[in-house]
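Report on the structure given below.
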Amino acid sequence: GLIKMFGGRASDADLVQRWDEIMGPDVANFARLAAIKKNRDNTFNVVLRPTVPAYALQLSYRKDEIIQKINKYFGYDAVSKISFRK
């Protein structure tokens, strides 16, 4: 399903496997990809799981940066929202 959503470049395994590369160590060390959900406007909500629950607040301040990095990787504005699961 993700290949169809994001194009030939991406799959759920690709995004998970390249998470450290896409995010860089400053984000990747604090959060793991938990899920990708399609929104009504055909953009996506990326759900992150902080490695330690206390990091959720710190990560929430960096939502725009995280969205920008993922969108840059995919080459278009695919992600509109980041949410967190503890």
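Counting from 1, the numbers follow the sequence of the chain as shown.
- For residues 39-57, no residue pair satisfies the salt bridge (Lys or Arg N to Asp or Glu O under 4.0 Å) rule, not counting sequence neighbours.
- The line from CG of L33 to CD1 of I70 is 7.0 Å long, rounded to the nearest 0.5 Å.
- With hydrogens and angles ignored, the 3.5 Å screen pairs no side-chain donor or acceptor of N45 with any backbone N or O of K37.
- Considering only residues two or more places apart in sequence or on other chains, K81 meets the side-chain hydrogen bond (donor to acceptor under 3.5 Å, both in side chains) condition with none of them.
- A pairwise comparison of heavy atoms in K69 and M23 identifies NZ-O, 2.7 Å as the closest pair.
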Worked verdict on F84 versus S60 for side-chain contact (heavy atoms from CB on, under 4.5 Å): CA-CA 8 Å; F84 301 97; S60 72; 3.9 Å; yes
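- With hydrophobic clusters built from ILVMFWY side chains whose heavy atoms lie under 4.5 angstrom apart, Y73 does not share a cluster with V47.
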Passes side-chain contact (heavy atoms from CB on, under 4.5 Å), T43 versus V79? Steps please. CA-CA 6 Å; T43 61; V79 177; over 6 Å; no
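- The two residues D20 and A28 make their nearest non-hydrogen contact at OD1-CB, 3.2 Å.
- With a 4.5 Å cut-off on side-chain heavy atoms, V27 and R62 count as touching.
- A donor-acceptor contact shorter than 3.5 Å links the side chain of W19 to the backbone of A31.
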For a side-chain contact (heavy atoms from CB on, under 4.5 Å) check, start with the C-alpha distance between I82 and E65, then their side-chain angles and the critical distance, and finish with the verdict. CA-CA 10 Å; I82 298 288; E65 175 188 352; over 6 Å; no
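- Residues Y76 and V46 share a hydrophobic cluster, clusters being chains of Ile/Leu/Val/Met/Phe/Trp/Tyr side chains in contact below 4.5 Å.
- Distance CG/D77 to CD1/I67: 9.5 Å, rounded to 0.5 Å.
- Checked against side chain to side chain contact (heavy atoms under 4.5 Å, CB included), Y55 has the following partners two or more places apart in sequence or in another chain: F30, P50, T51, V52, Q58, L59.
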